[in-house]
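Read the structure below first, then the notes.
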Amino acid sequence: MTAEMVAPAWMHQQITAEEYESWSEEQCAGIEIVDGMVVVSPSASKRHNRLARLLANALDAAAGPDWNADTDFDVRLQDVPLTNRRPDVTVYRADAIDITPTRPEHVLLVAEVVSPGSETTDRIVKVDQYAKAGIGFYWRIEQAATGTPLVYTYLLDPATRTYREGDVFAGVLKITAPFAAEIDLGQI
């Protein structure tokens, strides 16, 4: 085994919020922390990244001044054990742009683009984690063989902290309050 193949020690021990906050942006890129343990995410494909960026841009344009939509930053689901997820798209309160870490109470919607290797995590694990954290909406985007993505929507039931299934969109995604927009999925 070469030196390049040896994983750093921090990948084999539980990480606290304080330790994570001391790391550089480079150390945090491409990882998530689940129950205090580092989860390395493989690099997403160009198609995956493009889909996330176009969706974020469309949501941001529709959101108005009260909400922002962005890609690639941590959402702190819990401090102990530390759980940071990095959704593909996050819609969050505009007045929380400088608050770090971003917490579930700042977030309206998270969206995950399913890629090979992330199916189980995006379809089961993250759904449960986001619901338990109290995030109002979860979208799962699947890249269909037809080329037009399918968007599965979920709405939080606050009493049970579980999501109930919403509509599935292909072709045009119609977004209602607080946004009121239509996104042509064929363009994505």
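Just so it is clear, the model here is predicted, and its values are computed rather than measured.
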Could you check whether any side-chain N or O of D60 sits under 3.5 Å from a backbone N or O of A69, counting only pairs where one atom can act as donor and the other as acceptor? yes

Do side-chain atoms of E25 reach the backbone of C28 as a donor and acceptor pair under 3.5 angstrom? no

As an exercise, state the distance from [atom1] of [X] to [atom2] of [Y], rounded to the nearest 0.5 Å.
{"X": "L155", "Y": "Y163", "atom1": "CG", "atom2": "OH", "result": "9.0 Å"}
{"X": "N84", "Y": "Q78", "atom1": "CG", "atom2": "CD", "result": "10.0 Å"}
{"X": "T102", "Y": "N68", "atom1": "OG1", "atom2": "CG", "result": "10.0 Å"}
{"X": "T71", "Y": "N49", "atom1": "OG1", "atom2": "CG", "result": "8.0 Å"}
{"X": "M37", "Y": "L82", "atom1": "CE", "atom2": "CG", "result": "11.5 Å"}
{"X": "T121", "Y": "D128", "atom1": "OG1", "atom2": "CG", "result": "12.0 Å"}

Test: salt bridge (Lys or Arg N to Asp or Glu O under 4.0 Å). Region: [range]. Which pairs qualify, not counting sequence neighbours?
{"range": "residues 144-157", "result": "none"}
{"range": "residues 134-151", "result": "R123-E142, R140-E142"}
{"range": "residues 27-39", "result": "E32-R85, E32-K126"}
{"range": "residues 159-168", "result": "none"}

Minimal non-hydrogen separation, [X] against [Y], with atom names:
{"X": "H48", "Y": "A44", "result": "CD2-CB, 3.4 Å"}
{"X": "G36", "Y": "P81", "result": "N-CB, 4.0 Å"}
{"X": "A133", "Y": "P104", "result": "O-CB, 3.3 Å"}
{"X": "A131", "Y": "L156", "result": "O-CD1, 3.6 Å"}

Take L55 and W139 through the test side chain to side chain contact (heavy atoms under 4.5 Å, CB included) and record every step on the way to the result. CA-CA 11 Å; L55 180 60; W139 289 0; 4.1 Å; yes

Please tell me if the side chains of [X] and [Y] come closer than 4.5 Å, counting only heavy atoms from C-beta onward.
{"X": "D88", "Y": "L51", "answer": "no"}
{"X": "D74", "Y": "P101", "answer": "no"}
{"X": "V38", "Y": "I33", "answer": "yes"}

Can you name the side-chain contact (heavy atoms from CB on, under 4.5 Å) partners of [X], sequence neighbours left out?
{"X": "V168", "result": "Y152"}
{"X": "N57", "result": "R53"}
{"X": "T100", "result": "none"}
{"X": "R93", "result": "W67, D95, A96, H106"}

Are [X] and [Y] connected in the hydrophobic side-chain network, where two residues link if heavy atoms are under 4.5 Å apart?
{"X": "I135", "Y": "V114", "value": "no"}
{"X": "F137", "Y": "V113", "value": "yes"}
{"X": "Y92", "Y": "I99", "value": "no"}
{"X": "L77", "Y": "V39", "value": "no"}

Should the pair Y154 and Y138 be assigned to parallel (<30°), tilted (30 to 60°) or perpendicular (>60°) ring geometry? tilted

List the residues meeting salt bridge (Lys or Arg N to Asp or Glu O under 4.0 Å) with E21, not counting sequence neighbours, and say none if there are none. R76

Among all residues two or more places apart in sequence or in another chain, which pass the side-chain hydrogen bond (donor to acceptor under 3.5 Å, both in side chains) test with Q143? none

Mind checking side-chain hydrogen bond (donor to acceptor under 3.5 Å, both in side chains) for S118 and listing every partner two or more places apart, or none if nothing turns up? D122

Among L59, L108, V75, D70, which residue satisfies the side-chain contact (heavy atoms from CB on, under 4.5 Å) criterion with T90? V75

For Y20, what residues pass the ring-ring contact (aromatic ring centres under 6.0 Å, His included) criterion, not counting sequence neighbours? W23

